[in-house]
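So the structure is just underneath, and the comments pick up after that.
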Protein chains: 2
Amino acid sequence: MTANTASSNGKVPTIKDVAELAGVATSTVSRALSNPDRVNARTRARIEEVAAQLNYIPSTQARALSSGRTGTVALLVPDVTNPFYFDIIRGTQYQLKAAGYTQLLVDTEESADVEAEALQKLRRSCDGVVMVASRLSDEQLAAAAASQPLVTMNRGVPNVPTVIIDTPAAIGQALDHLVSLGHREVTYVGGPAGSWSNARRWTAFEQASEALGLTIHRVGPFPPKTTSGAAAADATLHSGATACIAYNDLLAIGMLQRFRERGVRVPEDVSIIGCDDIFGADFCNPPLTTMTAPVEQAGRVAISMLLGQLNPLYGTGNRKLAVMPTHLTVRGSTGPARVG
Amino acid sequence: MTANTASSNGKVPTIKDVAELAGVATSTVSRALSNPDRVNARTRARIEEVAAQLNYIPSTQARALSSGRTGTVALLVPDVTNPFYFDIIRGTQYQLKAAGYTQLLVDTEESADVEAEALQKLRRSCDGVVMVASRLSDEQLAAAAASQPLVTMNRGVPNVPTVIIDTPAAIGQALDHLVSLGHREVTYVGGPAGSWSNARRWTAFEQASEALGLTIHRVGPFPPKTTSGAAAADATLHSGATACIAYNDLLAIGMLQRFRERGVRVPEDVSIIGCDDIFGADFCNPPLTTMTAPVEQAGRVAISMLLGQLNPLYGTGNRKLAVMPTHLTVRGSTGPARVG
DNA sequence: CAACATTTGGCAATCGCTTGCCGATCAACT
DNA sequence: AGTTGATCGGCAAGCGATTGCCAAATGTTG
């Protein structure tokens with residue numbers, strides 16, 4: 001049981017095994033592997049060979065413990081099963097991997113408490129955090145950003161690096177589109193009450209509508225799920241508008257289903273516009289007119305910004321804000337306003 | 001710079017800070033926090049109080065290094081943006097969280113090499129691994145399972161704990177359904193060549209068809225994405241069958257779109273059945289008849305099995321195999337066979 | 001009251017790796 | 001030849017916990 005012949009007989013090889021076999025000190029092995037220039041080329045070659053032969057893999061824990069860098073970045077999303085976040089997950093994963101980092105995905109269950117708790121736990125175990133659509137207060141976020149590298153997405157906080165997807169801009173396009181189809185009365189179908197994005201979208205909606213002289217209504221708030229679509233559809237119908245813009249595609253798709261159930265034709269009776277252009281928006285029935293955003297790219301940008309904080313070498317100029325452009329994608333769910 | 005007053009002035013508090021403030025040794029703090037019975041109730045209370053006051057959070061790295069347990073379980077999926085995996089991700093996340101573990105999500109990019117590499121890296125940094133739809137060989141998987149706790153999903157390997165979703169059973173139901181609608185000639189739209197699930201589905205399809213005396217065709221292989229749907233649809237049309245069963249819903253949904261483009265009516269001209277009942281299968285056009293599986297539950301079961309390996313206390317009897325039942329969900333994409 | 005068992009807390013070694021500091025080696029320059 | 005600088009490798013001190021072992025304190029029993 002006390003066997004420790006330090007060769008290839010025991011369990012997983014450590015840096016010590018490599019050092020012994022290569023006839024050098026562990027410090028040299030360490031350097032050869034993570035700071036190549038600090039060691040003679042021949043020595044390094046030998047060490048690499050031995051390491052490969054032993055199938056040596058450095059312990060992330062030990063490395064993290066002694067160096068303080070974990071090589072891990074956490075991504076906090078409200079709901080991993082919400083398709084909107086898929087592309088963010090993918091975009092960040094991609095970029096992190098390219099930079100040699102590992103992604104830790106955390107689902108905050110749409111709850112500020114879970115989020116705060118996760119942030120606490122994470123403080124020690126990752127190099128940085130990306131928070132998507134955070135429900136925390138500005139103060140909490142600012143405090144978090146002060147104690148560790150952090151980037152928020154779709155949630156602007158003063159002095160905290162942020163990537164926002166500029167949906168408000170597309171809302172203008174969306175309303176123009178509706179107006180050109182003859183709509184004069186439009187309803188905004190609201191998302192979650194505490195959502196920053198929702199507030200921004202509503203504001204943009206309000207302002208653009210006013211500029212266009214439209215009559216507007218607002219219904220909601222609704223949870224951003226297809227299952228909320230029924231209530232949202234009914235409320236919209238009751239508002240009397242001929243068209244509506246929904247907080248997001250999930251809601252819009254749910255509404256589509258409800259309209260169908262009730263025999264309300266889309267777009268003949270009512271036009272509907274979603275937001276995000278998620279998976280499914282193109283093949284639902286009818287296909288959804290929606291505001292398309294470069295979500296995956298936004299994820300990559302967020303990681304670039306974070307990496308910029310972690311490693312000054314990246315020198316991306318330490319931007320504090322990135323705004324991703326969006327545009328309207330017209331499909332089948334919008335059409336001429338019904339008369340009367 | 002050399003400040004280290006060990007109280008609350010420095011940086012993040014360590015176990016040592018807690019120990020000093022509480023007037024005990026670090027070992028006692030450690031025990032109080034992770035082995036409560038090993039310490040006097042009063043001492044423990046005091047320590048807990050101090051820890052709370054200092055906002056002390058144990059370092060996962062240090063803990064992992066000295067104890068050998070990381071508290072992390074990795075989930076390897078071929079593609080994080082494939083909706084089929086969403087529920088697995090959610091199911092495992094849920095169950096892991098409940099047991100106090102952290103989930104590490106890894107995207108293997110549908111590649112055996114990436115998978116093998118990730119497995120290597122992970123060997124040292126997590127307590128166990130769940131591999132979904134692995135592309136590795138039986139030998140590789142067996143070896144991996146021998147060197148660390150591991151559970152596979154939708155990939156049977158002798159002597160490796162596995163959770164499989166019993167789609168083949170539902171394929172029987174699906175064919176019965178088609179036969180009852182008058183179909184006599186059916187095409188199987190194949191998934192990825194190396195996929196174990198695909199092989200099983202085909203075999204089940206073949207056998208059930210034979211029992212029913214059906215004429216069958218096979219097209220493919222196709223990557224399991226909606227974008228492969230066009231080619232799949234065209235090939236299916238060319239096969240001359242009046243109905244088809246697709247490897248999965250993604251493919252089926254893509255085919256639906258292509259059929260529409262080509263003016264082929266579903267289900268009047270051709271019936272189509274998907275597999276998995278993913279997000280979107282209920283609101284595509286027409287809604288997809290598909291084989292529904294308890295995916296999230298399967299994820300939870302996988303974690304239970306893994307936890308059983310990690311901690312004998314769980315004593316789930318160390319099952320080696322769990323088979324999740326599936327059933328056919330009939331929606332609008334299947335109908336009576338066209339005549340002629 | 002002595003002898004023994006049980007709690008309870010501390011000491012110190014460890015886990016595997018990084019890194020500041022130092023000394024040896026060797027080439028280049030004056 | 002002597003001095004100066006690089007370059008390269010080793011020593012050893014941590015990083016922040018866990019844990020085996022031991023001793024003091026406390027409790028139990030005859």
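Note that the structure is predicted; figures quoted are calculated from it, not measured. A, B, ... follow the sequence lines: proteins, then strands. Residue 1 opens every chain.
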**Prompt:** The side chain of T43(B) lies closest to which of these nucleotides: dC15(C), dC17(C), dG9(C)?
**Reply:** dG9(C)

**Request:** Between dT19(D), dG10(D), dA17(D), spot the one nearest the side chain of A25(A), thanks.
**Result:** dG10(D)

Given atom [atom1] of [X] and atom [atom2] of [N], what is their separation to the nearest angstrom?
X	N	atom1	atom2	answer
I15(B)	dG9(C)	CD1	C1'	13 Å
N40(A)	dT7(D)	CG	C1'	9 Å
Q61(A)	dG14(D)	CD	P	23 Å
I47(A)	dC8(D)	CD1	C1'	11 Å
L54(A)	dG16(C)	CG	P	14 Å
L33(A)	dT19(C)	CG	C1'	15 Å
R63(B)	dC15(D)	CZ	P	19 Å
L65(A)	dT14(C)	CG	C1'	12 Å

**Message:** Under 4.0 Å, heavy atoms only, any strand: does R42(B) hit a base, just the sugar-phosphate, or nothing?
**Reply:**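 Nothing: the residue R42(B), judged by heavy atoms under 4.0 Å, touches no strand.
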
**Message:** Quick check: on DNA chain C, is the nucleotide nearest R44(B) upstream (toward 5') of the one nearest T14(A), or the reverse? Name the residue that is more 5'.
**Reply:** R44(B)

**Terminal axes of the helix from dC1(C)-dG30(D) to dT30(C)-dA1(D) (five pairs each): angle between them, nearest 10 degrees** = 40°

**Pairwise distance CG(L310(A)) to OH(Y101(A)) - rounded to 0.5 angstrom** = 4.5 Å

Short heteroatom pairs, N/O only, protein and nucleotides 20-22 of chain C, under 3.5 Å:
unit_1  : atom_1 : unit_2 : atom_2 : d
dG20(C) : O6     : R31(A) : NH2    : 2.6

Residues 88-95 of chain B, side-chain donor-acceptor partners within the protein, below 3.5 Å, at least two apart:
unit_1 : atom_1 : unit_2  : atom_2 : d
R90(B) : NH2    : D79(A)  : OD1    : 2.8
R90(B) : NH2    : D107(A) : OD2    : 3.4
T92(B) : OG1    : I88(B)  : O      : 2.8
T92(B) : OG1    : I89(B)  : O      : 3.0
T92(B) : OG1    : Q103(B) : NE2    : 2.6
Q95(B) : NE2    : S304(B) : OG     : 3.3

**Message:** Considering only residues two or more places apart or on different chains, which pairs with a residue in residues 65-75 of chain B satisfy side-chain hydrogen bond (donor to acceptor under 3.5 Å, both in side chains)?
**Reply:**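 Sorted result for residues 65-75 of chain B: T70(B)-D127(B).
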
**Request:** Kindly write out the residues that satisfy side chain to side chain contact (heavy atoms under 4.5 Å, CB included) with A144(A), not counting sequence neighbours, or none if the list is empty.
**Result:** L119(A), L150(A)

**Message:** I want to check one thing: is the phosphate of dG10(D), taken as OP1 and OP2, less than 4.0 Å away from some side-chain N or O of T28(A)?
**Reply:**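 Checking dG10(D) against T28(A), a side-chain N or O does come within under 4.0 Å of OP1 or OP2.
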
**Request:** Check whether any side-chain nitrogen or oxygen of S67(B) sits under 4.0 Å from OP1 or OP2 of dA17(D), and answer yes or no.
**Result:** no

**Item:** salt bridge (charged side-chain N to carboxylate O under 4.0 Å, His left out) involving E110(A) - partner list, sequence neighbours excluded
**Value:**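 Testing E110(A) for salt bridge (charged side-chain N to carboxylate O under 4.0 Å, His left out), a comparison that skips the adjacent residues, returns R135(A).
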
**Request:** Measure from the side-chain N and O atoms of R123(A) to the backbone N and O of Q148(A), and report whether any donor-acceptor pair falls under 3.5 Å.
**Result:** no

**Asked** Can you list the residues that meet the side chain to side chain donor-acceptor pair (under 3.5 Å) rule with E109(A), with sequence neighbours excluded?
**Response** K97(B)

Check: residues 52-65 of chain A side-chain donor-acceptor pairs under 3.5 Å, at least two apart:
unit_1 : atom_1 : unit_2  : atom_2 : d
S59(A) : OG     : Q61(A)  : N      : 3.3
S59(A) : OG     : A62(A)  : N      : 3.0
Q61(A) : NE2    : R124(B) : O      : 3.2

In residues 31-44 of chain A, what donor-acceptor pairs under 3.5 Å come from side-chain atoms, sequence neighbours left out?
unit_1 : atom_1 : unit_2 : atom_2 : d
S34(A) : OG     : S30(A) : O      : 2.9
N40(A) : OD1    : R42(A) : N      : 2.7
R44(A) : NE     : P36(A) : O      : 3.3

